[in-house]
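The structure under discussion appears below in the form of structure tokens.
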Amino acid sequence: MLSGRRLDLLDPSPLDIEIEDIAHGLARLARWNGQTFGEHAFSVAQHCLIVEDLVAILRPGLGPQERLTALLHDAPEYVIGDMISPFKAALGLDYRAFEDRLEAAIHMRFALPTKTAPPLKALIKEADIICAYFEARRLAGFSEQEANAAFGKISGRFELDLKPLCIADAQARFLDRFHALVAEGV
């Protein structure tokens, strides 16, 4: 990692994880493998920021720990990349266990429960799907019918206008949000 940390992928240690490395990697990692409209790729860092916002809209009153969990929901991708679910299944190895070990180390590093409680996990997944739906429609060229088939029909209470940020802005906003949540008392 650019911080100088060396992360053992098979046995990740929380001591080798730095938020700056996560923000750096996620800001440079394109959603949709970069196959989106716009001058800049839509980054995983920006996606994480939106998912964290959506979680707060879906369930007002969540504490900073739950919101930080939402912000970091794709944090393992800073190391392993953003792969679509069908590809993960095609790899033929227990990808989920690998990803879970890395996520547990990340959570431990930032004083979060190593296992996300099922209700919070479901809430984050709901926000993730809402965000992915609008990414598909606004950035990846999906028709409404294609997006509905892939993600389900999204309630009319949401309307996301997505404008991909440049790498530096996505990284800075991700770090700023992380530090604000930590300051609130994670």
Side-chain angles (χ1 to χ4, degrees), residues 12 14 17-27 29 31-32 42-80 82 84-85 96 99-140 142 144 147-148 150-165 168-186:
I17 295 168
E18 298 294 338
I19 193 60
E20 291 79 9
D21 290 331
I22 293 171
H24 181 87
L26 296 183
L29 186 58
R31 296 268 298 164
W32 304 91
F42 189 75
S43 73
V44 174
Q46 188 174 356
H47 165 82
C48 289
L49 287 162
I50 292 168
V51 168
E52 190 254 331
D53 280 342
L54 286 169
V55 162
I57 292 168
L58 290 167
R59 185 142 331 125
L62 283 178
Q65 185 178 59
E66 291 84 7
R67 292 191 64 175
L68 183 59
T69 301
L71 181 69
L72 295 174
H73 81 279
D74 280 339
E77 294 179 8
Y78 91 103
V79 174
I80 57 179
D82 184 21
I84 60 173
S85 296
R96 187 72 218 166
E99 194 173 40
D100 286 346
R101 276 193 305 276
L102 184 54
E103 183 177 73
I106 291 166
H107 283 200
M108 194 178 301
R109 170 65 175 90
F110 301 115
L112 298 171
T114 55
K115 289 268 189 202
T116 303
L120 179 58
K121 194 167 203 71
L123 178 64
I124 292 168
K125 186 64 178 172
E126 180 182 358
D128 191 48
I129 289 169
I130 292 167
C131 190
Y133 174 90
F134 284 102
E135 290 170 21
R137 291 283 293 127
R138 305 286 187 262
L139 302 172
F142 280 47
E144 183 176 355
N148 287 341
F151 304 104
K153 189 164 174 51
I154 300 300
S155 168
R157 67 183 172 148
F158 294 101
E159 190 58 42
L160 299 179
D161 184 27
L162 306 175
K163 183 176 187 281
L165 300 171
D169 286 348
Q171 183 172 342
R173 289 184 190 189
F174 185 91
L175 282 171
D176 287 349
R177 188 64 190 136
F178 172 86
H179 291 300
L181 288 166
V182 169
E184 282 184 45
V186 171

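- The shortest non-hydrogen separation linking Phe174 to Ala23 is CD2-CB, 3.6 Å.
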For residues 101-113, which side-chain N or O atoms pair as donor and acceptor with protein atoms under 3.5 Å away, sequence neighbours left out?
unit_1, atom_1, unit_2, atom_2, d
Arg101, NE, Leu10, O, 3.4
His107, ND1, Pro113, O, 2.8
Arg109, NE, Ile17, O, 2.8
Arg109, NH2, Glu18, OE1, 3.4

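- Closest approach of Ala27 and Ser43 over heavy atoms only: O-CB, 3.4 Å.
- Glu52 is linked by a salt bridge (charged side-chain N to carboxylate O under 4.0 Å, His left out) to Arg67, Arg177, counting only residues two or more places apart in sequence or in another chain.
- Proximity of Arg31 to Asp74: side-chain heavy atoms (C-beta onward) are separated by under 4.5 Å at one or more points.
- Gln46 contributes a side-chain N or O that, together with a main-chain N or O of Leu165, makes up a donor-acceptor pair within less than 3.5 Å.
- Of all non-hydrogen atoms in Ile154 and Phe134, the two that sit nearest each other are CG2-CE1, 4.0 Å.
- Taking 4.5 Å as the limit, every side-chain heavy atom of Val182 sits out of range of all side-chain heavy atoms of Ile19.
- Within the 4.5 Å cutoff, the side chain of Val55 has no heavy atoms near those of the Glu66 side chain.
- Of all heavy-atom pairs spanning Ala70 and Val51, the tightest one is O-CG1, 4.4 Å.
- Counting heavy atoms from C-beta outward, Leu49 and Leu26 have side chains that stay 4.5 Å or more apart.
- For the side-chain contact (heavy atoms from CB on, under 4.5 Å) test with Leu62, the passing option among Leu123, Thr69, Leu68 is Leu123; the others fail.
- Formation of a donor-acceptor pair under 3.5 Å by the Gln171 side chain with backbone atoms of Ala168 is not found in this model.
- When every heavy atom of Ala45 is checked against every heavy atom of Ala170, the shortest pair comes out as CB-O, 4.1 Å.
- Using bins of under 30°, 30° to 60° and over 60° for the plane-to-plane angle, the ring pair His47/Phe42 lands in the perpendicular bin.
- Scanning both residues, Phe142 and Phe151, for their nearest heavy atoms gives CE2-CE1, 4.4 Å.
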